[in-house]
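Everything quoted here is computed from the prediction, not taken from an experiment. Convention: sequence-line order gives letters A, B, ...; per-chain numbering from 1.
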There are 2 protein chains.
Amino acid sequence: MLLRTNTSSIRPVDGHLAALAGERVVCSEFKYRRGTEVFGEGEEAEYVYQIISGAVRTYKLLADGRRQINSFHLPGDMFGLENGATHRFTAEAVIETRVRITRRRGLLETMQSRQSGASSFLGLVTRNLQHAENHMLLLGRKTALERVAAFLLELDERLGHPTILVLPMSRRDIADYLGLTLETVSRACSILRDQKMLRFDGATQRQIVLLDRKGLAEYDA
Amino acid sequence: MLLRTNTSSIRPVDGHLAALAGERVVCSEFKYRRGTEVFGEGEEAEYVYQIISGAVRTYKLLADGRRQINSFHLPGDMFGLENGATHRFTAEAVIETRVRITRRRGLLETMQSRQSGASSFLGLVTRNLQHAENHMLLLGRKTALERVAAFLLELDERLGHPTILVLPMSRRDIADYLGLTLETVSRACSILRDQKMLRFDGATQRQIVLLDRKGLAEYDA
DNA sequence: GAGCGGATTTGATCTGCAGCAACTAAGGTG
DNA sequence: CACCTTAGTTGCTGCAGATCAAATCCGCTC
């Protein structure tokens, strides 16, 4: 829900959302504290979001609490744009996150009347689908080590191969993304560390230096 | 490749493909024998397909042969319509399958110039995405019994709750769709049979009568 | 900077599913 | 119909990863 967050500013900005619609669109900025819900599964899809800073997880739950994270969204990424009227999963801020928000209605109408808008919407959905197809292969057929290696390489790629990979999410989040337990993720990281594929930077376990991307890619079957 | 199949007829027909484009489109009918490839991963996406009869599986492979089936396509379903230029997975006929084929190029151009076409293309991609999201939850977090129950209910639903559910695919196909082994699928079916959730009809193991859809739905967490 | 609570690692044990093997059943062929 | 090939079931054993438990570490707050 929007009201639980403090509005940092409400002003028109342009960015990817505007580019998607092919023209300037009125947006507002919002901030979500770590762990807070951006929207819930089944809620009406009223807004569309683009991350300015921070990270968001989207997930589905089973009745007994088992959780599957579909995807993590990082700065620049858009999420929450549904074709139907309601959200098909829940979105939460992994860490303190600033987002740019715009109303779905205006955006979709604009897109329907403009060529480039419709096709970039389509491109967005297609990229999501492509990611999901790859992730099904990972979840259905890869081993724990292969999954963790693939995850690190995916994040490394999306962040533009930084020297230090700063993970915004916990081991439990990674586990729920990879269909594993947090202990198994932790053990896999330790194995990769022992094999000099990576090293932890500084005190934290959340800052990782990838020492052998090629070796990791071989793990990622 | 198309040339390996025998062309049953080349004539304009209308159907869902035409409806998608918002007008009549020239299509041909093709037939694929059981186990033959419709198109391969990485191939240029030249055609779009709609199943008249039979069934098709689409899948990805890992280097060592592990296979993950994304989805099964049944009569009426369309597949092979990519946004990019190449197919992201392989498609094979599960059993003898007749399809309606049209060139992607003409279809996409038609759609770009027509409102309804673009939005039904979007609807198609969105449905695929939605299916993938649900399947990730299954692959990441459900038990073997839950997966098999979910599979049977999915097929039952898609075939319109027939009295006898005729499975076109083998236990191995089901296993590769559910991220299990064929033995585990077989055992799960036996358990559900012993629990009177289902029964095999006639001689075959491919004809199943669902005796307790509600009970199955409870397994499907 | 001392103390607290959550995050992570690591170890020990357990278990659901995989892997292997043998058997049975079913469809296809001459 | 007899044969053969492929699909499916079932039993047995093994293992990857889950679960349980403990110790350690880290960031946070006061």
Visitor: End-to-end bend of the helix from dG1(C)-dC30(D) to dG30(C)-dC1(D) (five-pair axes, 10° rounding)?
Guide: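 Between the first-five-pair axis and the last-five-pair axis there is 50°.
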Visitor: Which whole-number value in Å describes the distance from F200(A) CZ to dT24(D) P?
Guide: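 After rounding, the reported distance stands at 18 Å.
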Visitor: Classify the ring geometry between F89(A) and F39(A) as parallel (under 30°), tilted (30 to 60°) or perpendicular (over 60°).
Guide: tilted
Visitor: What nucleotide among dG27(D), dT9(D), dG11(D) has an atom nearest to a side-chain atom of T204(A)?
Guide: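 Within the option list, the nearest is dG27(D).
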Visitor: Using only heavy-atom distances, determine whether the side chains of R193(B) and S190(B) contain a donor-acceptor pair under 3.5 Å.
Guide: yes
Visitor: Provide, to the nearest angstrom, the distance between the CD atom belonging to Q205(B) and the C1' atom belonging to dT9(D).
Guide: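 For the pair Q205(B) CD and dT9(D) C1', the rounded distance is 8 Å.
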Visitor: For the pair made of CG in L145(A) and P in dG17(D), what is the distance, rounded to whole Å?
Guide: 8 Å
Visitor: Specify the closest pair of heavy atoms between H161(B) and R213(B), including all atoms of both residues, with the distance to one decimal.
Guide: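 That closest heavy-atom pairing would be ND1-NE, 3.8 Å.
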Visitor: Need two values: the first and the last nucleotide of DNA chain C, 5' to 3', having an atom under 4.0 Å from any heavy-atom of chain B.
Guide: dC17(C) to dG27(C)
Visitor: Which whole-number value in Å describes the distance from R187(B) CZ to dT13(D) C1'?
Guide: 11 Å
Visitor: Whole-Å distance between dT10(D) C1' and I191(B) CD1?
Guide: 12 Å
Visitor: Could you tell me if R104(B) sits above the aromatic ring of Y47(B), with its cationic atom closer than 6.0 Å to the ring centre and no more than 45 degrees from the axis?
Guide: no
Visitor: Tell whether R206(B) reaches the base of dT6(D) with its side chain through a donor-acceptor pair below 3.5 angstrom.
Guide: no
Visitor: Taking OP1 and OP2 of dT9(D), is either one under 4.0 Å from a side-chain nitrogen or oxygen of R193(B)?
Guide: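 Checking dT9(D) against R193(B), no side-chain N or O comes under 4.0 Å of OP1 or OP2.
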Visitor: Any luck finding a side-chain donor-acceptor pair between Y49(B) and R100(B) under 3.5 Å?
Guide: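 No, no side-chain donor-acceptor contact under 3.5 Å.
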Visitor: Give me the ring orientation class for H131(B) and Y177(B): parallel if the planes are under 30° apart, tilted from 30 to 60°, perpendicular past 60°.
Guide: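 Judged by the thresholds at 30° and 60°, the geometry between H131(B) and Y177(B) is parallel.
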Visitor: Applying a 4.0 Å non-hydrogen cut-off, can you work out what L182(A) is touching in the nucleic acid: base, sugar-phosphate, or nothing?
Guide: base
Visitor: If you find the nucleotide of DNA chain C closest to G202(B) and the one closest to T184(A), which residue's nucleotide is nearer the 5' end?
Guide: T184(A)
Visitor: Looking at every strand, decide which applies to G35(B) at a 4.0 Å heavy-atom threshold: base, sugar-phosphate, or nothing.
Guide: nothing
Visitor: In plain terms, say whether K214(A) and E218(A) are close enough for a salt bridge, that is, a side-chain N and a carboxylate O under 4.0 Å apart.
Guide: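 The answer is no: the pair does not qualify as a salt bridge.
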Visitor: Can you check the L180(B) CG to dA16(D) P distance for me, whole Å?
Guide: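 So the two atoms are 18 Å apart, to the nearest Å.
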Visitor: Output the rounded distance in Å from CZ (R141(A)) to C1' (dG17(D)).
Guide: 16 Å
Visitor: For the backbone of R141(A) and the side chain of R66(B), can you confirm whether one donor and one acceptor N or O come within less than 3.5 Å of each other?
Guide: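 Flag set: sc R66(B) to bb R141(A) pair under 3.5 Å.
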Visitor: Cation-pi check for Y59(A) against R67(A): NZ or CZ below 6.0 Å from the six-membered ring centre and within 45 degrees of the axis, yes or no?
Guide: yes
Visitor: Checking all strands, does T181(B) fall into the base, sugar-phosphate, or nothing category for heavy-atom contacts under 4.0 angstrom?
Guide: sugar-phosphate
Visitor: Just to be sure I understand the rule, does R34(B) reach a base, reach only the sugar-phosphate, or reach nothing, if contact means heavy atoms closer than 4.0 Å?
Guide: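 The answer is sugar-phosphate, as R34(B) gets under 4.0 Å only of primed atoms, P, OP1 or OP2.
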Visitor: Select base, sugar-phosphate, or nothing to describe what S190(B) touches, counting heavy atoms under 4.0 Å on all strands.
Guide: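 The residue S190(B) makes sugar-phosphate contact but no base contact.
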